[in-house]
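Worth knowing before you read on, the calculation uses all heavy atoms, side chains too, and leaves out hydrogens, waters and symmetry mates. Numbers here simply count residues along the sequence, with the first being 1.
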Amino acid sequence: MGRGLLEVHLVDAKGLGGTDFLGKIDPYVIVQYRSQERKTSTARDAGRNPSWNEVLKFQISSTAANVQHKLLLRIMDHDNFSSDDFLGQATINVTDVISIGMEKGNSEMSPAKYSVVTADNSYRGAIKVGITFTAATEVEEDGVQVGGWMHSYRD
């Protein structure tokens with residue numbers, strides 16, 4: 001597939017389920033791409049409609065073709081005196097944005113809403129995410145690469 005930088009812009013979420021009885025939920029998001037994991041800041045007392053407006057960056061390096069590239073977004077509720085609660089998750093397929101970015105140099109998916117799936121497999125709220133992919137530029141050592149074709153010079 002290729003190499004480059006995938007930027008995930010977490011805008012906000014609406015209508016999340018909550019589990020705290022004594023106060024508002026304090027949501028944050030853990031974004032996972034393969035073995036890489038990034039975490040947003042915690043939206044303190046944001047309740048069911050938090051706003052992050054943060055960009056998380058992932059290095060993409062894949063030589064395999066026909067591989068599905070997916071982001072997993074786990075939305076959690078920060079708790080001070082117990083383990084954090086799972087509020088839900090969303091999965092985003094970024095294969096096309098990476099493929100187009102490799103072809104054109106960069107590609108962007110405008111912020112869109114993705115349904116949040118809870119632990120009991122019901123839908124509860126949506127998270128708004130935008131994605132940008134910028135291909136890494138490489139210099140070929142064995143020849144000149146033009147338009148995807150390798151040209152070699154022979155006598």
Side-chain angles (χ1 to χ4, degrees), residues 1-139 148:
M1 168 85 35
R3 295 170 18 104
L5 181 68
L6 186 71
E7 296 178 88
V8 180
H9 179 199
L10 287 149
V11 180
D12 59 23
K14 303 284 185 215
L16 297 176
T19 56
D20 282 0
F21 298 109
L22 300 175
K24 290 187 174 182
I25 59 175
D26 304 311
Y28 64 92
V29 182
I30 299 170
V31 181
Q32 184 177 355
Y33 173 80
R34 298 198 174 167
S35 63
Q36 299 176 63
E37 199 170 85
R38 308 282 184 273
K39 180 179 159 186
T40 66
S41 60
T42 300
R44 297 265 178 225
D45 293 325
R48 301 182 193 290
N49 303 309
S51 179
W52 295 281
N53 201 24
E54 292 182 34
V55 175
L56 305 177
K57 298 178 181 184
F58 296 87
Q59 292 295 322
I60 307 296
S61 180
S62 173
T63 55
N66 300 326
V67 173
Q68 291 290 314
H69 296 271
K70 293 184 180 179
L71 292 172
L72 176 64
L73 291 79
R74 289 190 319 262
I75 304 166
M76 306 293 290
D77 174 24
H78 175 76
D79 288 328
N80 288 325
F81 303 110
S82 62
S83 60
D84 294 351
D85 299 315
F86 174 78
L87 298 177
Q89 69 182 26
T91 303
I92 303 172
N93 187 333
V94 293
T95 304
D96 289 345
V97 77
I98 293 173
S99 295
I100 293 168
M102 288 307 302
E103 241 177 69
K104 297 183 176 182
N106 66 355
S107 180
E108 183 176 340
M109 290 171 52
S110 296
K113 293 181 180 178
Y114 298 90
S115 295
V116 175
V117 180
T118 61
D120 66 0
N121 287 328
S122 63
Y123 293 100
R124 183 67 190 257
I127 186 165
K128 191 175 195 180
V129 181
I131 297 166
T132 304
F133 177 76
T134 305
T137 55
E138 294 182 323
V139 176

Original post:
Looking at Ile92 and Met109, what are the two nearest heavy atoms and their distance?
Top reply: CG2-CE, 4.5 Å

**OP:** Using atom types as modelled and distance alone, determine if a side-chain donor or acceptor of Asp77 lies under 3.5 Å from a backbone N or O of Asp84.
**Re:** no

Subject >> Listed partners of Val116 passing side chain to side chain contact (heavy atoms under 4.5 Å, CB included), at least two apart >> reply: Leu16, Ile75, Ile127

Original post:
Can any side-chain N or O of Thr40 pair as donor or acceptor with the backbone N or O of Val29 at less than 3.5 Å?
Top reply: yes

Original post:
What's the spacing between Asp45 CG and Lys24 NZ if we round to 0.5 Å?
Top reply: 6.5 Å

**OP:** Provide the full list of salt bridge (Lys or Arg N to Asp or Glu O under 4.0 Å) pairs with a residue in residues 28-37, sequence neighbours left out, each pair given once.
**Re:** Glu37-Arg74

Original post:
Quick one: does Thr134's side chain have a donor or acceptor within less than 3.5 Å of a partner on Asn106's backbone?
Top reply: no

Subject >> Tyr123: side chain to side chain contact (heavy atoms under 4.5 Å, CB included) partners, not counting sequence neighbours >> reply: Ser115, Val117

**OP:** Please identify each residue that fulfils salt bridge (Lys or Arg N to Asp or Glu O under 4.0 Å) with Lys14, with sequence neighbours left out.
**Re:** Asp12

Original post:
Could you go step by step and tell me if Phe58 and Val31 meet the side chain to side chain contact (heavy atoms under 4.5 Å, CB included) rule?
Top reply: CA-CA 10 Å; Phe58 296 87; Val31 181; 3.6 Å; yes

Subject >> Counterpart residues, side chain to side chain contact (heavy atoms under 4.5 Å, CB included), relative to Ala43 (two or more places apart) >> reply: Pro27, Ala46, Pro50, Trp52

Original post:
Which value, rounded to the nearest 0.5 Å, describes the distance between Ile60 atom CD1 and Leu6 atom CG?
Top reply: 4.5 Å

Subject >> Glu7: side-chain hydrogen bond (donor to acceptor under 3.5 Å, both in side chains) partners, not counting sequence neighbours >> reply: none

Subject >> Residues forming a side-chain hydrogen bond (donor to acceptor under 3.5 Å, both in side chains) with Asn121, sequence neighbours excluded >> reply: none

**OP:** Return the set of residues passing side-chain hydrogen bond (donor to acceptor under 3.5 Å, both in side chains) with Ser41 (not counting sequence neighbours), or none when no residue passes.
**Re:** Glu54

**OP:** Measure the spacing between CG of Asn49 and CD1 of Ile25 and express it to the nearest 0.5 Å.
**Re:** 8.5 Å

Subject >> Glu103: partners by side chain to side chain contact (heavy atoms under 4.5 Å, CB included), with sequence neighbours left out >> reply: none

**OP:** Please examine the side chains of Val8 and Val94, heavy atoms only from C-beta on, and report whether any two atoms are closer than 4.5 Å.
**Re:** no

Original post:
Leu87 and Gly17: which non-hydrogen atoms are nearest, and at how many Å?
Top reply: CD2-O, 3.2 Å

Original post:
Counting only N and O atoms by type, is there a donor-acceptor contact under 3.5 Å from the side chain of Asp85 to the main-chain atoms of His78?
Top reply: no

Original post:
Looking only at heavy atoms, which two atoms of His69 and Thr95 are closest? And how far apart?
Top reply: N-OG1, 2.7 Å

Subject >> CZ-CD1 distance between Arg38 and Ile30, expressed to the nearest 0.5 angstrom >> reply: 12.5 Å

Subject >> Interatomic distance, Phe133 atom CZ to Asp96 atom CG [nearest 0.5 angstrom] >> reply: 12.5 Å

**OP:** Identify the heavy atoms of Ala126 and Lys113 that sit nearest to each other, and give their distance.
**Re:** CB-CB, 4.2 Å

Original post:
Closest approach of Lys39 and Leu56, non-hydrogen atoms and distance?
Top reply: O-CD2, 4.1 Å

Original post:
Taking only residues two or more places apart in sequence or in another chain, which ones pass side-chain hydrogen bond (donor to acceptor under 3.5 Å, both in side chains) with Asn53?
Top reply: His9

Original post:
Got a second to check how far Glu108's CD is from Thr132's OG1, nearest 0.5 Å?
Top reply: 4.0 Å

